[in-house]
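Accompanying notes for the structure given below.
A, B, ... follow the sequence lines: proteins, then strands. Residue 1 opens every chain. Remember, predicted model here, so these are calculated numbers, not experimental data. Side chains are part of it too, since the values below use all heavy atoms of this structure and drop only hydrogens, waters and symmetry mates.
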Number of protein chains: 2
Amino acid sequence: MLLLNENDLRSVLNYKNVLEALESGFVGYKRKGKFPLRINIESEENNSNVLFMPSSFLDYSGVKIVSLCENNPSIGLPYTRGIFVLTSLKDGKPLCVMDGTYLTYLRTATTSLLASKYLSNKNPNSLGIIGTGKIGTMSIEAHLSYYEIDIIYAFDKLEKSLDTFIQKFGEDNSIQIISCKDGNQVVSNSDIVITATTSTFPVFNSRSVNEGTHINGIGAYRKNMQEIPEGLIIRSKIFVDTLEGAISEPGDIVIPLENGLVSKEDITEISDVILKGFSRKESDITFFKSVGFSLEDIVTAELAYREATKNGIGFEVDM
Amino acid sequence: MLLLNENDLRSVLNYKNVLEALESGFVGYKRKGKFPLRINIESEENNSNVLFMPSSFLDYSGVKIVSLCENNPSIGLPYTRGIFVLTSLKDGKPLCVMDGTYLTYLRTATTSLLASKYLSNKNPNSLGIIGTGKIGTMSIEAHLSYYEIDIIYAFDKLEKSLDTFIQKFGEDNSIQIISCKDGNQVVSNSDIVITATTSTFPVFNSRSVNEGTHINGIGAYRKNMQEIPEGLIIRSKIFVDTLEGAISEPGDIVIPLENGLVSKEDITEISDVILKGFSRKESDITFFKSVGFSLEDIVTAELAYREATKNGIGFEVDM
């Protein structure tokens, strides 16, 4: 059995090969894999949850095991940790245990790039980011790996997080980084916007968003979180990774649905766009809500396993 | 994260400490843990399945990942393989990945001993085994670790398997091993009988079973398998590890239920016996059907992890 830690994953995965894996994964995944509902085990005493997300794709089966501990941040431990276990469906061998936290960050960041690739106007030259934590930062990195970007507009309510972000990308002299005073300044200047917060209220005003903007909402994953104004939901063409997840989990979709502002029929799965295309008008505002989908994990995990095996990366143990 | 392979598990687990862990596990498990229904992912193309069995107990959560590959035996690979992943519910850390195959054998063998301890007549001196494969053999070992046994009656339709069994236990001069010509010879001579086959028809006749016998049925785990004659089911007091599993999976319970020979009310969970006791009449025939229960896995896995950590066993990796 092969073990792949974060460093191993970094050495075999990049935004380019993950983008390709996700792209081919979303094509025909309903024929090629199985994606049962995840199981959540809660520990009331420990104020924690463990989620089990099994899936299969082609000749592999996998499960991501993710823990969420409310008490952790206050004692200096990460809120969420995880591993992914890959098993062969050909001969049943447990193939690989890999870091599930980095896997999740990487596939989420790259899924936002996938959405931008299929939904945004061509040749964007400005990016916007609201929420400059790890996942927001990686999503910007993913976009920079694919687009020629001149300018990034960034905002985070935590000054320290924003400073770290500006320092990181400021090292690249070909890109100008604008530290913004709020989310409105970000969205009003950016061709592609990424929101990556856990906010329970909108992080910008709908009227600040110009026609032609594409927005990736990759934060606000719970029902009580809502980072996108409902006014923008009404103005947008809406896309999601899975309809099943989108209508049951994130406030940005669930609340407008409950309020009758949109209906399920207004929401398109990204796989349909990849398969059938989407004819965008220049003036369209497009909104992609990333909910997280076990398909994204297993195709990324398969890629990591194949590449690591091919290149002798990771640590092989006898199990 | 700690890795424990079969050898590591052998060095920290034994029938005695697993018996104690199971015993305390079955007491109050409904308050102390969660045992969601398992998820099965089937691969029609590969003729294989992967089962995901999540659970929690006290401050631990775990999942057993077990593959079943129909094509494997014909190419010299094991039909089933598995691993168990243990996570802390206190701080969410992935604690341990361990061999799930040996874990399953050991907890199943020891659960049969647990059943015998609570259900059989006192001071048995003869054991019977029908089906001398790995799990049957370990179940006999478990009983020998606890009882003073003079004689073992053994039968397997595969001569080679029976020979291996007789050779193994024949080394101990204090025990007589009788190679039997069929299952009837086994059951008619044994105080405690273990059946561990995948037979689709009864492996002995009910009339061969003497009053006072205790039988552990630990094979025949599928609906189409039935190793115990229905005539014996009628004569027996029936016990199971979980009612939920027993009435939906193994033919030995499901088929008599469907035929109206017994009802759910005739079946007692072993946890109730441990908690409230069971006043056996000398002449009672008792039958324990082992279905397999994720509680048995997680308490054994917790024990293995704690003992390994305490004794510096296993291989620690940075994940």
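- Annotation: residues 66-74 of chain A contacts chain B through A/Ser67, A/Cys69, A/Asn72 [non-hydrogen atoms, separation under 4.5 Å].
- For a heavy-atom cut-off of 4.5 Å, chain B lies close to no residue in residues 10-26 of chain A.
- Contact annotation for B/Glu6: neither backbone nor side-chain heavy atoms come within less than 4.5 Å of a heavy atom of chain A.
- Put simply, of B/Leu77, B/Val63, B/Thr101, the one with the most heavy-atom pairs under 4.5 Å next to chain A is B/Val63.
- Under a 4.0 Å N-O distance rule, the pair A/Lys30/A/Glu269 qualifies as a salt bridge.
- If you tally non-hydrogen atom pairs under 4.5 Å between each of A/Asp318, A/Leu89, A/Val317 and chain B, the highest count goes to A/Leu89.
- Residues B/Leu4 and B/Leu2 meet the side-chain proximity criterion, which asks for heavy atoms closer than 4.5 Å.
- Side chain of A/Ser248 to backbone of A/Glu244: a donor-acceptor contact under 3.5 angstrom is found.
- For CD of A/Glu316, the number of neighbouring non-hydrogen atoms (other residues, nucleotides, ligands) closer than 6.0 Å is greater than 12.
- Evaluation of the salt bridge (Lys or Arg N to Asp or Glu O under 4.0 Å) rule for B/Asp252 yields B/Lys289 as partners, not counting sequence neighbours.
- Across A/Val254 and A/Ala246, no two heavy atoms sit closer than the pair CG2-O, 3.7 Å.
- Side-chain atoms of A/Asp156 come within 3.5 Å of backbone atoms of A/Thr132 as a donor-acceptor pair (strictly under, hydrogens ignored).
- Side-chain atoms of B/Ser139 do not come within 3.5 Å of backbone N or O of B/Ile135 as any donor-acceptor pair.
- The most heavy-atom pairs under 4.5 Å with chain A, out of B/Asp59, B/Ile65, B/Ile41, B/Val97, come from B/Ile41.
- Minimum interatomic distance between A/Tyr221 and A/Thr198 (heavy atoms only, all atoms of both residues): CE2-CG2, 4.0 Å.
- Other residues, nucleotides and ligands contribute only 12 or fewer heavy atoms inside 6.0 Å of the NZ atom of A/Lys223.
- Panel note: side chain B/Arg81, backbone A/Asp91; a donor-acceptor pair is recorded below 3.5 Å.
- We find that A/Lys32 and A/Glu302 are not joined by a salt bridge, their nearest charged nitrogen and carboxylate oxygen being 4.0 Å or further apart.
- With hydrogens and angles ignored, the 3.5 Å screen pairs no side-chain donor or acceptor of B/Thr110 with any backbone N or O of B/Arg107.
- Between A/Glu42 and B/Lys34 there is no salt bridge, since none of the side-chain N atoms of the basic residue sits less than 4.0 Å from a carboxylate O of the acidic one.
- Proximity to chain A (any heavy atom under 4.5 Å) is restricted, for B/Phe315, to the side chain, taken from C-beta onward.
- Within residues 46-58 of chain A, the residues having any heavy atom closer than 4.5 Å to a heavy atom of chain B are A/Asn46, A/Ser48, A/Val50, A/Phe52, A/Pro54, A/Ser55, A/Ser56, listed by residue number.
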Exercise. With side chain to side chain contact (heavy atoms under 4.5 Å, CB included) as the test, would you mind laying out the steps for A/Asp99 and A/Phe84 before giving the verdict?
Key: CA-CA 6 Å; A/Asp99 179 63; A/Phe84 189 95; over 6 Å; no

